[in-house]
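Here is the naming used below: chain letters follow the sequence lines, and residue numbers restart at 1 for every chain. None of these values were measured; they are calculated from a predicted model. The basis for the numbers below is simple: all heavy atoms, side chains too, and nothing from hydrogens, waters or symmetry mates.
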2 protein chains.
Amino acid sequence: MVNQVSLSGKGVPGGEARAGGGQERRGSGPPRPRAGYELPLLLFAGFRTLIDELHTELARQGHPDVRPAHGFALQAIGPEGSAASDIARRLGISKQAAGKTVDRLVALGYAERAEDPADARRKLVRLTARGFDMLARSAAIFERLRAEWAAELGEERVSAMEDDLGAVVSPGAFRLDAAGWIGGAM
Amino acid sequence: MVNQVSLSGKGVPGGEARAGGGQERRGSGPPRPRAGYELPLLLFAGFRTLIDELHTELARQGHPDVRPAHGFALQAIGPEGSAASDIARRLGISKQAAGKTVDRLVALGYAERAEDPADARRKLVRLTARGFDMLARSAAIFERLRAEWAAELGEERVSAMEDDLGAVVSPGAFRLDAAGWIGGAM
DNA sequence: CATCATCGTCAACCATGTTGACCATTCTAG
DNA sequence: CTAGAATGGTCAACATGGTTGACGATGATG
C-alpha cells in the first residue's frame, strides 16, 4: 500500500550495484523511472556525504569541534563581519537564536564581538583568524570533493546536476538555516 | 581569500538566470566548473524544495502537524510495525530518543503502541490508519513532484541525477536520521 | 524633544538529541 | 534449572538550537 523506503537493509536504492566505475550505468533494465520518494533521499544523501567528508577532513586539519551548523553561521557572518541581527536575517532565524549561535562560535574561537563605533547599539561580529582558516579550508575541501565527483561521474554530469538543480530549486530553499529546519517549528 | 557563499543576496548561484524553460542552458559562457561549495548547497536546496512542497501539500490534505522528522520516523516504523529499539537502530539514534519520537507520533495520532504477546518486554509500535494515510499521500506527492521535475528537465536528466547520486553517495549517508544531524552532537 | 524603530539580551519554553541508571523480561551457559 | 548476560523500555539530567515575549539602550525622525 505504501511506498516504503527500503530501510532495515542499508539500502541505497540503486547505489550498491555500481560502487566502482561510472560508465556502464543505464543500459541494463527497462527505463522505468525510480519511485518518487527516492529522489529526496538521494539528494539528502548526497548533501550529507559531502558534509560528512568535509567535517571528517576539517577535524583532521585541526577543526574537530565545528558542526555543520557552525559552517553555515560562519558563512553568514562573512569576511567583513556582521551585526547579529544581520546574521539572523540571513539565516532566517530569530535574532535571539543568532545571538546564541554567535555565543557558541565565540566560545569555540571562530568569531569575536567588537563594538561598532558608528552605532552603540550594534555589536559587530567578526571572524577570528581561526574562523578564516576554517572557511578557507572548507572551500578547498569542497573543491577537492567536487573534483572527486567529477572524476567519478564526469565533469559534464556534475555540471548537469548543478544546472538542473539550479533550475528546479525554489529560491527560498537556498537559505542557510539548515539547522533546526528539519525537526523545528518551521 | 575565502570562498564566500553569495548570501545576503538571495543568491542561487546560477539559478536565477533560468527560471522558466529548461532548454538553452549550457551554451553561453565558458565551461568553467562551478565553485565547489555550490554543490552541497544545491543538493540541500533541492532536498529542501521537495520536502517543503511535500509538507505544504500534506498540510493542505489534512496533515498540517507533520514535520519532516515525523515522516522519516513513520518510514522507520513501517507497515508491519516495529519495536522502539528497532526504530532507534534504523534511525541511528538512541532508543530513548526513539521513544520520545514515538511519544510524539502517538500524540499526533500517527502511531499507537501495543503489547507484544511474544515478548513482554517489547512494545510494538504500529501505524494508525491516519499514519498509513499520511504515508500513502506522501508517496503520491513525491511521485507528482518527481514528474514535475521530469517535465521541467527531461526524464533522462532526472534519471541521470538519481543514478549519479546513487553512485557517489556513501552508504552511511542513506540513513533516516536526518533530524538532529546537522546541529547535533554527531 | 517626543516618539518610534532597531539592536542586543534575558527569561521561559519546546523539540530533539545525548548519557547514565534502572527494572523487567528473555536468552544462554553451566 | 538456575545464574548471569542481553535486551527492551523508561526515568532523569543535560546540551543544543530553535521559538516568543519583554525590556533597556540607542538612533532616527516627526
Side-chain angles (χ1 to χ4, degrees), chain A residues 55 65-74 76-77 81-108 110-126 175-186, chain B residues 55 65-74 76-77 81-108 110-126 175-186:
Chain A
H55 284 280
D65 296 325
V66 206
R67 302 276 129 240
H70 302 150
F72 283 95
L74 283 199
I77 294 173
S82 299
S85 37
D86 295 335
I87 299 169
R89 272 188 288 270
R90 291 208 269 264
L91 292 177
I93 60 178
S94 65
K95 58 182 180 174
Q96 296 92 324
K100 285 200 225 176
T101 300
V102 171
D103 286 345
R104 188 128 277 277
L105 291 175
V106 170
L108 288 171
Y110 289 106
E112 59 189 3
R113 270 187 249 250
E115 298 298 324
D116 184 331
D119 186 338
R121 294 170 305 176
R122 317 183 95 215
K123 285 178 187 161
L124 200 60
V125 180
R126 277 186 313 220
R175 283 161 57 195
L176 263 7
D177 62 339
W181 165 79
I182 287 197
M186 201 145 140
Chain B
H55 284 280
D65 296 324
V66 207
R67 302 277 128 239
H70 302 151
F72 283 95
L74 283 200
I77 294 172
S82 300
S85 36
D86 295 334
I87 299 170
R89 272 187 289 268
R90 290 209 269 264
L91 292 176
I93 59 179
S94 63
K95 58 183 181 174
Q96 296 93 323
K100 286 198 224 179
T101 299
V102 170
D103 286 346
R104 188 126 277 275
L105 291 176
V106 169
L108 288 171
Y110 289 106
E112 59 189 3
R113 269 185 252 249
E115 298 298 324
D116 185 332
D119 187 337
R121 294 169 305 177
R122 316 184 97 217
K123 287 178 187 162
L124 200 60
V125 180
R126 278 187 312 221
R175 281 161 58 196
L176 261 9
D177 63 339
W181 166 78
I182 286 196
M186 203 147 140

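- Taking every side-chain heavy atom of S94(B) into account, dT18(C) is the closest of dT18(C), dT10(D), dC7(C).
- Distance, R67(B) CZ to dT19(D) C1': 13 Å, rounded to whole Å.
- Look at T101(A) and you won't find any side-chain N or O under 4.0 angstrom from OP1 or OP2 of dG17(D).
- Among the atoms of the strands shown, only primed sugar atoms or phosphate atoms (P, OP1, OP2) are found under 4.0 Å from some heavy atom of K123(A).
- Atom OG1 of T101(B) is separated from atom CD1 of I87(B) by 8.5 Å, given to the nearest 0.5 angstrom.
- Taking a cutoff of 4.0 Å between a charged side-chain nitrogen and a carboxylate oxygen, R89(B) and D86(B) qualify as a salt bridge.
- Of the candidate nucleotides dA15(C), dG8(C), dG18(D), dG18(D) has the atom nearest to the side chain of I93(A).
- Residue A83(B) is classed as a sugar-phosphate contact, given heavy-atom separations below 4.0 Å to backbone atoms only.
- D103(B) has its CG atom 8 Å from the P atom of dC11(D), to the nearest Å.
- K95(B) places its NZ atom 14 Å from the P atom of dC22(C), with the value rounded to the nearest Å.
- With distances taken from any side-chain atom of R121(A) to the nucleotides dA25(D), dG17(D), dG8(D), the minimum falls on dA25(D).
- The nearest whole Å value for the distance from the CD atom in E115(A) to the P atom in dG27(D) is 11 Å.
- In this structure the side chain of L108(A) never reaches within 4.5 angstrom of the side chain of V66(A), judged on heavy atoms.
- Nearest nucleotide to the H70(B) side chain, out of dT16(C), dG8(C), dG9(D): dT16(C).
- Nucleic acid contact class of A97(A) (heavy atoms, under 4.0 Å, all strands): base.
- Distance from the side chain of K100(B) is smallest to dT16(C) among dG18(D), dG17(D), dT16(C).
- The backbone N or O of A76(A) lies less than 3.5 Å from a partner atom in the side chain of R90(A), making a donor-acceptor pair.
- For the pair R122(B) CZ and dT10(D) C1', the computed distance is 16 Å after rounding to whole Å.
- The base of dG21(D) sits within donor-acceptor range of the side chain of Q96(A), with an N or O pair under 3.5 Å.
- In this structure D65(A) satisfies the salt bridge (Lys or Arg N to Asp or Glu O under 4.0 Å) test with no other residue, sequence neighbours excluded.
- D119(A) places its CG atom 11 Å from the C1' atom of dA25(D), with the value rounded to the nearest Å.
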